[in-house]
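Please read the structure below before turning to the comments.
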Amino acid sequence: MKVAVTYEKDTGNVFQHFGKTQYFKLYEIENGKIISSEVVDNGGNGHHAIPPYLKSLGVETLILGNRGQGAVEAIAASGLKEMPGITGSADKAAELFARGELIPNFEAKCNHHGEHHQ
């Protein structure tokens, strides 16, 4: 199974704003263990195009921080499973996911979008 985590290269943490994610760390998981990982860029894609792009890379599950309603809809439409509301180390999140111990927070949303629209 291939899993993508929104990735902050400077810190190694889960990046918290899905639509502005520049990098993803992809993990190949088998039998509850990470067998490989690699960092990829977002393919030049924005909010709605990122989920289909990840799907084209073979990703089945997306681990992320916060996301807006448009991202929620795009992720669902692409067929990706999501694990939102995750913070801290991307590697640790992937390890927890591999063991079936990662707990998502489906209430995690970006609420700032209204500030940009007049």
Side-chain angles (χ1 to χ4, degrees):
M1 166 191 289
K2 193 176 276 189
V3 175
V5 180
T6 55
Y7 191 64
E8 189 171 348
K9 256 180 141 175
D10 294 340
T11 65
N13 287 334
V14 177
F15 188 71
Q16 291 301 301
H17 188 141
F18 174 75
K20 294 190 183 282
T21 302
Q22 293 182 353
Y23 299 98
F24 292 90
K25 192 160 185 182
L26 306 182
Y27 299 86
E28 191 68 40
I29 296 173
E30 288 183 12
N31 300 318
K33 296 187 191 263
I34 296 170
I35 59 169
S36 67
S37 67
E38 67 175 315
V39 176
V40 300
D41 66 23
N42 70 3
N45 294 296
H47 287 75
H48 295 359
I50 291 174
Y53 168 68
L54 292 174
K55 196 79 169 158
S56 78
L57 297 176
V59 171
E60 297 175 43
T61 300
L62 173 62
I63 298 171
L64 67 158
N66 296 310
R67 73 273 194 261
Q69 189 58 40
V72 171
E73 292 166 7
I75 292 165
S78 73
L80 287 172
K81 295 178 187 170
E82 67 168 338
M83 301 289 285
I86 307 303
T87 60
S89 165
D91 289 346
K92 183 68 174 170
E95 290 169 14
L96 289 169
F97 178 81
R99 294 195 310 252
E101 298 172 3
L102 188 65
I103 300 170
N105 174 7
F106 289 99
E107 300 302 314
K109 301 265 169 82
C110 292
N111 296 318
H112 67 274
H113 293 276
E115 297 169 12
H116 301 290
H117 305 290
Q118 302 285 339

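In this text, all values refer to a predicted model and were calculated from it rather than measured experimentally.
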Within the side chain of Glu30, is there an N or O that forms a donor-acceptor pair under 3.5 Å with the backbone of Glu28?
no
Stepwise side-chain contact (heavy atoms from CB on, under 4.5 Å) check, Thr87 with Val14
CA-CA 6 Å; Thr87 60; Val14 177; 5.9 Å; no
Under 3.5 Å, which donor-acceptor pairs do the side chains of residues 90-101 form with other protein atoms, sequence neighbours left out?
unit_1, atom_1, unit_2, atom_2, d
Asp91, OD1, Lys25, NZ, 2.9
Asp91, OD1, Tyr27, OH, 2.6
Arg99, NE, Glu101, OE1, 3.2
Arg99, NH2, Glu101, OE1, 3.1

Could you list the residues that satisfy side-chain contact (heavy atoms from CB on, under 4.5 Å) with Lys81, not counting sequence neighbours?
Thr61
So which atom in Leu26 and which in Ala4 form the shortest heavy-atom distance, rounded to 0.1 Å?
CD2-CB, 3.4 Å
Min side-chain heavy-atom separation Glu60-Lys2 under 4.5 Å
no
Under 3.5 Å: donor-acceptor pair, side chain of Gln22, backbone of Gly44:
no
Would a single hydrophobic cluster contain both Phe15 and Val5, if residues Ile, Leu, Val, Met, Phe, Trp and Tyr are joined by side-chain heavy-atom contacts under 4.5 Å?
no
For Asn42 and Thr21, indicate whether the former's side chain and the latter's backbone hold a donor-acceptor pair under 3.5 Å.
yes
What's the spacing between Ile50 CD1 and Phe18 CZ if we round to 0.5 Å?
4.5 Å
According to a 4.5 Å side-chain heavy-atom criterion applied to Ile, Leu, Val, Met, Phe, Trp and Tyr, with indirect links allowed, do Val59 and Tyr53 form part of one hydrophobic cluster?
yes
Nearest atoms (heavy-atom pairs only) where Ser78 meets Pro51:
OG-CB, 3.4 Å
Which heavy atom of Gln16 sits nearest to which heavy atom of Ile86, and what is that distance?
NE2-O, 2.9 Å
Surrounding CD1 of Ile103 (heavy atoms of other residues, nucleotides or ligands, distance under 6.0 Å), is the total greater than 12?
no
Do Val40 and Tyr23 sit in the same hydrophobic cluster, where Ile, Leu, Val, Met, Phe, Trp and Tyr count as joined when their side-chain heavy atoms come under 4.5 Å apart?
no
Checking Asp41 against Phe24 for the side-chain contact (heavy atoms from CB on, under 4.5 Å) test, could you report, in this order, the C-alpha distance in whole Å, the side-chain angles of both residues, the deciding distance, and whether it holds?
CA-CA 6 Å; Asp41 66 23; Phe24 292 90; over 6 Å; no
With the 4.5 Å side-chain cut-off for hydrophobic clustering, are Leu62 and Ile34 part of the same group?
no
For Leu54 and Leu80, what are the C-alpha separation, side-chain angles and deciding distance, and is it a side-chain contact (heavy atoms from CB on, under 4.5 Å)?
CA-CA 9 Å; Leu54 292 174; Leu80 287 172; 4.2 Å; yes
Check this for me, if you would: do Arg67 and Glu82 make a salt bridge, where the nitrogen-to-carboxylate-oxygen distance has to be below 4.0 angstrom?
yes
Test side-chain contact (heavy atoms from CB on, under 4.5 Å) applied to Leu64 and Ile75, step by step
CA-CA 11 Å; Leu64 67 158; Ile75 292 165; 4.2 Å; yes
Give me the atom names and distance for the closest heavy-atom approach of Asn13 to Ser89.
OD1-N, 3.3 Å
Does some side-chain heavy atom of Tyr7 sit less than 4.5 Å from a side-chain heavy atom of Val39?
yes
